[in-house]
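Working notes for the structure below.
Please read these numbers as outputs of a predicted model, since none were measured by experiment.
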Amino acid sequence: MMVEKIRAIQDEYPEDFAWCYGCGRMNKDGHHFRTAWDGEQTVTIYEPKEEHIAIPGFVYGGLIGALVDCHGTGSASLALHRKNGFEPGSGETPPRFVTGSLHVDFLKPTPQKVTLKAVGKVEEIHPKKFKVITEVFAGEELCARGEVIAVVMPNTFGKQ
């Protein structure tokens, strides 16, 4: 799957909600994580940059945490959007989520200069909460596993 050619859920977020450092397309300095369906699973592909270093040769764990976080909320958005009868590109604004909880287990050091792939499975646990289990691979190597509880963002969020 080529990430540049997919229609990611983040492409659908309204501009005023597309500033996240991890997945916001409007944040010129951000990571620009992009999450899409791959069958019944979700996927985010990411190329770590040289500055995402922990020690020489390995990716900083905070980047992995951010990837799991944004992949989780994006996956929840995809799932609820589909449940509502829509897919990315349908013209309907998808629901937005915030992180209720984030847990990451680092299974082995993540090598640099290797494409990362986050693969998620989504489970609805409440009408306004979704649990997303994500596995992060560096190439074929499973390096981290995480869980996000994503909560539907209220319509009034950020409004004064």
Side-chain angles (χ1 to χ4, degrees), residues 1-13 17-82 87-89 94-126 129-153:
M1 168 180 285
M2 292 294 296
V3 73
E4 294 82 21
K5 299 187 189 276
I6 64 169
R7 187 67 182 183
I9 197 68
Q10 292 88 349
D11 299 334
E12 308 294 317
Y13 295 161
F17 289 107
W19 290 90
C20 172
Y21 187 80
C23 63
R25 72 181 184 284
M26 303 302 295
N27 189 329
K28 68 179 179 65
D29 297 319
H31 298 303
H32 302 138
F33 299 136
R34 301 177 71 241
T35 308
W37 286 112
D38 184 13
E40 293 301 311
Q41 298 180 329
T42 56
V43 66
T44 299
I45 307 292
Y46 189 71
E47 299 286 338
K49 297 183 173 87
E50 282 189 39
E51 61 266 23
H52 299 144
I53 187 172
I55 58 173
F58 297 97
V59 173
Y60 164 60
L63 176 74
I64 304 302
L67 176 59
V68 169
D69 186 12
C70 287
H71 179 79
T73 57
S75 296
S77 183
L78 280 166
L80 185 54
H81 202 44
R82 180 173 277 178
E87 296 290 335
R96 287 297 318 267
F97 283 77
V98 292
T99 305
S101 71
L102 169 66
H103 177 87
V104 181
D105 289 316
F106 298 94
L107 306 175
K108 57 178 53 179
T110 304
Q112 278 194 314
K113 299 182 182 177
V114 178
T115 300
L116 301 180
K117 181 178 182 180
V119 178
K121 294 182 177 103
V122 185
E123 174 187 348
E124 184 174 355
I125 58 175
H126 178 276
K129 291 183 182 179
F130 288 73
K131 177 168 61 174
V132 182
I133 303 298
T134 299
E135 294 183 323
V136 178
F137 296 86
E140 300 297 316
E141 203 68 34
L142 178 61
C143 295
R145 184 175 289 117
E147 176 186 287
V148 169
I149 302 298
V151 180
V152 175
M153 183 185 293

Distance (rounded to the nearest 0.5 Å) between R82 CZ and W37 CH2: 4.5 Å

Inter- and intrachain pairs under salt bridge (Lys or Arg N to Asp or Glu O under 4.0 Å), touching residues 45-64, at least two apart: none

All ring-ring contact (aromatic ring centres under 6.0 Å, His included) counterparts of H32, not counting sequence neighbours: none

Pair listing, salt bridge (Lys or Arg N to Asp or Glu O under 4.0 Å) test, anchored in residues 57-79, at least two apart: none

Working for side chain to side chain contact (heavy atoms under 4.5 Å, CB included), residues V114 and V59: CA-CA 10 Å; V114 178; V59 173; over 6 Å; no

V132 to T134 - nearest heavy-atom pair and separation: CG1-OG1, 3.7 Å

Pairs involving residues 95-124, ordered by first then second residue, that meet ring-ring contact (aromatic ring centres under 6.0 Å, His included) (sequence neighbours left out): F97-F130

Separation between CZ of R96 and CD1 of I9, rounded to the nearest 0.5 Å: 9.5 Å

Non-hydrogen atoms of T110 and C143 that approach each other most closely: OG1-CB, 3.3 Å

Closest contact, heavy atoms only, F33 versus T44: CB-CG2, 4.0 Å

Which residues share a side chain to side chain donor-acceptor pair (under 3.5 Å) with H81, sequence neighbours left out: none

Value rounded to 0.5 Å, distance of SG in C23 from NE2 in H31: 10.5 Å

Least distance between heavy atoms, G146 atom then V68 atom: CA-CG1, 3.9 Å

Residues in side chain to side chain contact (heavy atoms under 4.5 Å, CB included) contact with I149, at least two apart in sequence or another chain: S101, I125, K129, K131, E147

Non-neighbouring partners of Y60 that pass ring-ring contact (aromatic ring centres under 6.0 Å, His included), sequence neighbours left out: none

Y13 OH to C20 SG distance, which is reported to the nearest 0.5 Å: 9.0 Å

Of all pairs that satisfy salt bridge (Lys or Arg N to Asp or Glu O under 4.0 Å), the ones with a partner from residues 18-27, not counting sequence neighbours: none

Heavy-atom side-chain contact between L116 and P48 under 4.5 Å: yes

Test log, rule salt bridge (Lys or Arg N to Asp or Glu O under 4.0 Å), inputs E12 and R7: CA-CA 9 Å; E12 308 294 317; R7 187 67 182 183; 2.6 Å; yes

Side chain to side chain donor-acceptor pair (under 3.5 Å) partners for Q112, two or more places apart: none

By side chain to side chain donor-acceptor pair (under 3.5 Å) - contacts of T42 (at least two apart): H71, S75

Atom of G22, atom of C70 and distance for their closest heavy-atom approach: CA-SG, 3.6 Å

Pairs meeting criterion salt bridge (Lys or Arg N to Asp or Glu O under 4.0 Å) with involvement of residues 102-116, two or more places apart: K108-E141

Straight-line distance of I133 CD1 to E123 CD, nearest 0.5 Å: 7.5 Å

Between OH on residue Y46 and OG1 on residue T35, distance to nearest 0.5 Å: 12.5 Å

Nearest heavy atoms of G65 and L102, plus distance in Å: O-CD2, 4.1 Å

Audit row: V136, L67, side chain to side chain contact (heavy atoms under 4.5 Å, CB included) steps and yes/no: CA-CA 8 Å; V136 178; L67 176 59; 4.0 Å; yes

Partner residues of P109 under the side chain to side chain contact (heavy atoms under 4.5 Å, CB included) criterion, sequence neighbours left out: F58

